[in-house]
Participant: 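Here it is: the structure, laid out below.
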Amino acid sequence: MPDMIKEEAASGSSNFIWDFVKEDIGPGGQYEGMTVHTRFPPEPNGYLHIGHCKALCIDFGTAEHFGGLCNLRMDDTNPAKEDTEYVEAIQQDIHWLGFDWGDRYFYGSDYFEQDYEFAKELIKKGLAYVCELSAEEFREFRGDIGIPARSPYRDRPIEESLELFEKMKNGEVEEGKMTLRAKIDLASGNFNMRDPVIYRIRYINHHRQGTKWCIFPMYDFAHPIQDALEGITHSLCSLEYEEHRPLYDWVVENVTIPYHKPRQIEFARLNIDHTVMSKRKLRKLVEEDYVSGWDDPRMPTLCGLRRRGYTAQSIRDFVDTIGVGKTNGVVELAMLEHCLRDDLNRSAERTMAVLRPIKLTITNYPEGKSENFELENNPTDPESGTHTISFSRNLWIEAEDFLEEPIPKYKRLYPGNEVRLKGAYLVTCTGCVKDADGNVTEVLCEYDPGSRGGDPADGRKVKGATIHWVDQATAIDAEVRLYENLFLDEQPDGPDKDFLQCMNPESLIVLQGCKVEPEMGRIAKLFDEEEDRTSKNAPTFQFMRNGYFCLDNRDSSADHPVFNRSVSLKDSFKPKK
RNA sequence: AGCGCUGUCGCCAAAUGGUAAGGCAACGGACUCUGACUCCGUCAUUUUCAAGGUUCGAAUCCUUGCAGCGCUGCCA
């Protein structure tokens, strides 16, 4: 299976990044003949979501495509934001997607010593200086469009900066009192070049370095150095770093790096409609209990998607399908859903489950009699075999499969209409039983004993639909959770929009007392006994005519199976009302 | 307003000066023991944001506009 995934990813169509890379390693290119080396640098301050998948597939995928390598690097230069808590989850999610970094696992903080030496090198070259502007002053002196920035400390003698930087490092300077700034161009139209801060003081415990350091490099300084030290050729990142590229190049140019200079290339990050992608907003949903957690099946997080039933293959197919470009667009969720259906249609075992049960009584079928039928596990895969289902006089069928007064084009049960009970018999509806309030409580029908297996003895064409059912005698109860979009608004992430106001109050519908084949009970029990249920996909099925469902990796138990609807089946039946 | 990026079907996206791929969605139809799947067909020719220009030929090159996104953290 991993090999299949590999080939799939490596065979994707080209894109502008691959064109650049091809040029770079080709004849006359800046990395002629070299091994392509990329990196995936998540900041360990939250869970990976589908937006990260795009970056993941681009970083690892590009390396794979060119027979190169991709490093995993935890970008943890800001001690105030990162936490070890997320590190393991990030690794787990990447592995689940099918990517592997081998022994190339790093932390940005592992380079603090080198960062420090490179900073001193810049000072010595007259390319960096210690600035004593406070944060407020810094902002005031920042200038504006057309107005250059200022710093009274810009021309401080090299020796003095060296001394002060040493003091900063030794903890002799209060937090916020001094910064180290790169000396570039205070008048640049690109604000990142207006003598950016490259070191700040922070008296906070770092999740890996402890209290060893009290000065920390900024992203713009640390990242190019990390890339350079790891021998990265192509540093692929999202569009918002485009204007940071001149600074990236400046650092790489002015610091004595042991290898080649890496090249930064930017691509558009992923947006999907009806969802939010920012960590801040996702965190809010979790912390304010709008969802049950980071792995709520409605969340776009990888753990949420996995719990929902999304396969790694479907997500990688999706990323492959949407392509790589520089246009900031919003991809329709329908595209992702298509990829899931496509994958699950091939692999998911078919089973019958009745979500909103109503009794069906076959009045001319002997009481107490029972027989077995074989149901194909997957019609798209003849090798997948069959499984046995029991049948009797009393069945459960879907409530919506009966209508006392049929609507136009309705092919299911209504008085006088003949339908097929999947894999069993043809039955003709003879009426129904209602309670005192007029609600239908039981549907009545008569079966054609000559149609055993589902085909009529006389070979007549059955015009009615084939409906699914479960035997009352053997069915077991299950909880089924149906999910809709978390947000009604197409773009809850849009400007001037309060995403919390766009939430769909009916994004989760819980159904109890759903009737499933007894086989599901055995599978739920086996799943119950598994040790690590969250790092891989739970058993997944197609509930015929209903959609794809998987066991919930948190709440399902042998006594109380819980299924999540991963995605519905497409439905072209549109009754005119 | 300064800097940067981007405008090709409802959505994503090819086309690298040679006459607008593909996928998703949608809509028809065929098939079907899942109203699924599959298959067939339709879906940018006063056409590539607009207007000019260069060229035998322009989505591609030039000019001028217009629109969208991003940027003035001691975040990444």
Side-chain angles (χ1 to χ4, degrees), chain A residues 13-16 19 41-43 45 75-78 80-82 108 131 133-135 138-139 142-147 149 175-181 187-194 196-202 216 218-220 222-223 237-246 266 268 270 273 279 318 320-339 341-342 345-346 350 352 375-376 378-380 409-412 419-424 426 453-455 462 465-468 490 495 542-547 568-575:
Chain A
S13 55
S14 195
N15 58 62
F16 80 97
D19 290 345
E43 185 183 17
N45 69 345
D75 202 347
D76 60 351
T77 52
N78 184 349
K81 290 177 68 182
E82 292 107 17
C131 180
L133 251 25
S134 68
F138 184 87
R139 255 193 303 281
R142 189 61 155 155
D144 206 333
I145 292 163
I147 306 167
E175 195 169 307
K177 288 291 184 203
M178 289 181 190
T179 58
L180 183 68
R181 290 230 248 165
S188 175
N190 180 345
F191 284 75
N192 298 305
M193 300 298 270
R194 317 249 270 213
V197 170
I198 56 174
Y199 259 95
R200 78 286 218 184
I201 301 170
R202 277 275 180 285
F216 297 92
M218 300 287 289
Y219 168 88
D220 281 319
H223 204 87
C237 61
S238 50
L239 245 30
E240 68 255 43
Y241 294 102
E242 224 157 10
E243 292 150 292
H244 293 249
R245 189 177 352 121
E266 313 83 10
L270 172 66
D273 62 6
K279 253 179 219 173
F318 169 70
D320 210 47
T321 304
I322 60 175
V324 183
K326 299 187 77 158
T327 21
N328 246 317
V330 181
V331 178
E332 290 174 346
L333 189 64
M335 198 93 92
L336 216 208
E337 294 182 334
H338 162 80
C339 292
R341 289 193 188 99
D342 194 44
N345 177 48
R346 284 190 293 263
R350 270 60 168 172
M352 295 200 281
L375 194 66
E376 277 182 303
N378 188 339
T380 69
K409 297 201 174 170
Y410 191 73
K411 300 193 294 188
R412 285 108 98 154
V419 305
R420 173 163 28 232
L421 294 175
K422 173 76 188 173
L426 295 176
D455 289 312
V462 185
T466 296
I467 67 173
H468 60 281
E490 247 179 58
Q542 184 196 96
F543 288 178
M544 297 189 72
R545 301 210 302 139
N546 268 316
S568 64
L569 248 29
K570 285 186 75 176
D571 185 4
S572 63
F573 176 52
K574 287 169 195 116

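These numbers come from a predicted model, not from an experiment. Chain identifiers are assigned alphabetically (A, B, ...) following the order of the sequence lines, protein sequences preceding nucleic acid strands; residue numbering begins at 1 within each chain.
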Participant: When the C1' atoms of B:C12 and B:U64 are considered, how many whole Å apart are they?
Facilitator: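 Here B:C12 and B:U64 have their C1' atoms 31 Å from each other.
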Participant: How far does the C1' atom of B:G4 sit from the matching atom of B:U72, given to the nearest Å?
Facilitator: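 Result for the C1' pair: 14 Å, nearest Å.
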Participant: List in chain and number order the residues that pass salt bridge (charged side-chain N to carboxylate O under 4.0 Å, His left out) with A:Arg245, two or more places apart in sequence or in another chain; answer none if no residue qualifies.
Facilitator: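 Applying salt bridge (charged side-chain N to carboxylate O under 4.0 Å, His left out) to A:Arg245 gives A:Glu266.
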Participant: For RNA chain B, what dot-bracket results from Watson-Crick or G-U pairs at under 3.5 Å, with [ ] for crossers and | for inter-strand partners?
Facilitator: .((((((..(((.....[...))).(((((.......)))))......(((((..]....))))))))))).....
Participant: If we take the C1' atom in both B:C61 and B:U42, what is their distance in whole Å?
Facilitator: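 Nearest-Å result for B:C61 against B:U42 at atom C1': 36 Å.
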Participant: Could you tell me which residues satisfy salt bridge (charged side-chain N to carboxylate O under 4.0 Å, His left out) with A:Arg202, sequence neighbours excluded, listed by chain and number?
Facilitator: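 Partners of A:Arg202 by the salt bridge (charged side-chain N to carboxylate O under 4.0 Å, His left out) criterion, ordered by chain and then number, come out as A:Glu175.
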Participant: Is the backbone of A:Glu243 close enough, under 3.5 Å, to the side chain of A:Asn192 for a donor and an acceptor to pair up by distance?
Facilitator: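 Checking the backbone N and O of A:Glu243 against the side chain of A:Asn192, a donor-acceptor pair under 3.5 Å is found.
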Participant: Could you state the NZ-P distance from A:Lys411 to B:U32, rounded to the nearest angstrom?
Facilitator: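 Distance check: A:Lys411 NZ to B:U32 P gives 11 Å.
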Participant: Once you round it to whole Å, what is the distance between P of B:A14 and CD1 of A:Ile322?
Facilitator: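 Going from A:Ile322 (CD1) to B:A14 (P), I get 11 Å.
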Participant: Compute whether any side-chain donor of one residue and acceptor of the other, for A:Asp19 and A:Ser14, lie under 3.5 angstrom apart.
Facilitator: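 Note: A:Asp19 and A:Ser14 side chains meet the donor-acceptor criterion.
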Participant: Go nucleotide by nucleotide along RNA chain B from the 5' end; which of A:Asn345 and A:Leu421 gets its closest nucleotide reached first?
Facilitator: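 It is A:Leu421, whose closest nucleotide lies nearer the 5' terminus.
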Participant: C1' atom, B:A21 versus B:A15: distance in rounded Å?
Facilitator: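 Each nucleotide's C1' atom is 7 Å from the other's.
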Participant: Protein-nucleotides 23-31 of chain B N/O pairs closer than 3.5 Å?
Facilitator:
none

Participant: Taking O4'-C1'-N9-C4 for purines and O4'-C1'-N1-C2 for pyrimidines, is B:G73 syn (within 90° of 0) or anti?
Facilitator: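 This nucleotide is in syn.
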Participant: If the condition is side chain to side chain contact (heavy atoms under 4.5 Å, CB included), which residues does A:Thr179 pass it with, not counting sequence neighbours?
Facilitator: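 In terms of side chain to side chain contact (heavy atoms under 4.5 Å, CB included), with neighbours along the sequence ignored, A:Thr179 is linked to A:Cys131, A:Arg181, A:Val197.
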Participant: With a 4.0 Å cut-off on heavy atoms, is A:Val462 in touch with a base, just the backbone sugar-phosphate, or nothing at all?
Facilitator: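 Counting heavy atoms under 4.0 Å across all strands, no contact is made by A:Val462.
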Participant: Once side chain to side chain contact (heavy atoms under 4.5 Å, CB included) is applied, do any residues pair with A:Asn378, and if so which ones, sequence neighbours excluded?
Facilitator: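 For A:Asn378, the residues satisfying side chain to side chain contact (heavy atoms under 4.5 Å, CB included) (neighbours in sequence not counted) are A:Arg350, A:Thr380, A:Asp381, A:Ser384.
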Participant: I'd like to check the side-chain hydrogen bond (donor to acceptor under 3.5 Å, both in side chains) partners of A:Glu240; sequence neighbours left out, ordered by chain and number.
Facilitator: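 For A:Glu240 the side-chain hydrogen bond (donor to acceptor under 3.5 Å, both in side chains) partners, ignoring immediate neighbours, are A:Ser238, A:Arg269.
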Participant: Only counting residues at least two apart or in another chain, list the ones meeting salt bridge (charged side-chain N to carboxylate O under 4.0 Å, His left out) with A:Glu490.
Facilitator: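 Listed in chain order: nothing, the list is empty.
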Participant: If you assign each of A:Ser572 and A:Gly329 to its closest nucleotide in RNA chain B, which residue comes earlier from the 5' end?
Facilitator: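 Of the two residues, A:Gly329 wins.
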Participant: Would you measure the distance from the C1' atom in B:C43 across to the matching atom in B:G22 and give it in whole Å?
Facilitator: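 One C1' to the other, the span is 14 Å.
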Participant: Counting the atoms with a prime plus P, OP1 and OP2 as sugar-phosphate, which does A:Lys326 contact under 4.0 Å by heavy atoms, base, sugar-phosphate, or nothing?
Facilitator: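 Sugar-phosphate contact only - A:Lys326 comes under 4.0 Å of backbone atoms but never of a base.
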Participant: Using the P atom as the reference point in each nucleotide, state the distance between B:U48 and B:G53 in Å, no decimals.
Facilitator: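 Between the two P atoms, the distance is 16 Å.
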Participant: How does protein reach along nucleotides 67-76 of chain B, written 5' to 3' as B (base within reach of a heavy atom under 4.0 Å), S (only sugar-phosphate), or - (no contact)?
Facilitator: --SBBBSBBB
Participant: How long is the line joining CG of A:Asn378 and P of B:A36, in whole Å?
Facilitator: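 Taking CG of A:Asn378 and P of B:A36, I get 17 Å after rounding.
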Participant: Check for a donor-acceptor pair, side chain of A:Arg142 on one end and backbone N or O of A:Ala149 on the other, with a separation under 3.5 Å.
Facilitator: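 Such a contact is absent between A:Arg142 side chain and A:Ala149 backbone.
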Participant: With rounding to the closest Å, how many angstrom separate the P atoms on B:G18 and B:G2?
Facilitator: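 Roughly 36 Å separates the two P atoms.
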Participant: If the P atom of B:A13 is compared with that of B:C56, how far apart are they to the nearest Å?
Facilitator: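 One P to the other, the span is 35 Å.
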Participant: Report the residues that fulfil salt bridge (charged side-chain N to carboxylate O under 4.0 Å, His left out) with A:Glu332, sequence neighbours left out, ordered by chain and then residue number.
Facilitator: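 A:Glu332 satisfies salt bridge (charged side-chain N to carboxylate O under 4.0 Å, His left out) with no residue once adjacent residues are dropped.
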Participant: A:Phe318: what forms a ring-ring contact (aromatic ring centres under 6.0 Å, His included) with it, not counting sequence neighbours?
Facilitator: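 Here no residue qualifies.
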Participant: From CG of A:Asn15 over to C1' of B:G22, roughly how many Å is that when rounded to an integer?
Facilitator: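 Rounded to whole Å, this separation is 15 Å.
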Participant: Rounded to whole Å, please give me the gap between CG in A:Asp320 and P in B:C12.
Facilitator: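 These atoms are roughly 18 Å apart.
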Participant: Can you name the ring-ring contact (aromatic ring centres under 6.0 Å, His included) partners of A:Tyr219, sequence neighbours left out?
Facilitator: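 For A:Tyr219 the ring-ring contact (aromatic ring centres under 6.0 Å, His included) partners, ignoring immediate neighbours, are A:His223, A:Tyr241.
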Participant: Which is true for A:Phe543 with a 4.0 Å heavy-atom rule: it touches a base, it touches only sugar-phosphate, or it touches nothing?
Facilitator: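 Here A:Phe543 touches no strand at all.
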Participant: Under 6.0 Å from the NZ atom of A:Lys326, do we count more than 12 heavy atoms belonging to anything else shown?
Facilitator: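 Counting neighbours around NZ of A:Lys326, more than 12 heavy atoms of other residues, nucleotides or ligands fall under 6.0 Å, so yes.
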Participant: Select base, sugar-phosphate, or nothing to describe what A:Gln542 touches, counting heavy atoms under 4.0 Å on all strands.
Facilitator: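 A:Gln542: base contact, heavy atoms under 4.0 Å.
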Participant: Determine the contact category for A:Asp455: base if any of its heavy atoms lies under 4.0 Å from a base atom, sugar-phosphate if only primed atoms, P, OP1 or OP2 are that close, otherwise nothing.
Facilitator: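 If one applies the 4.0 Å heavy-atom cut-off, A:Asp455 turns out to touch a base.
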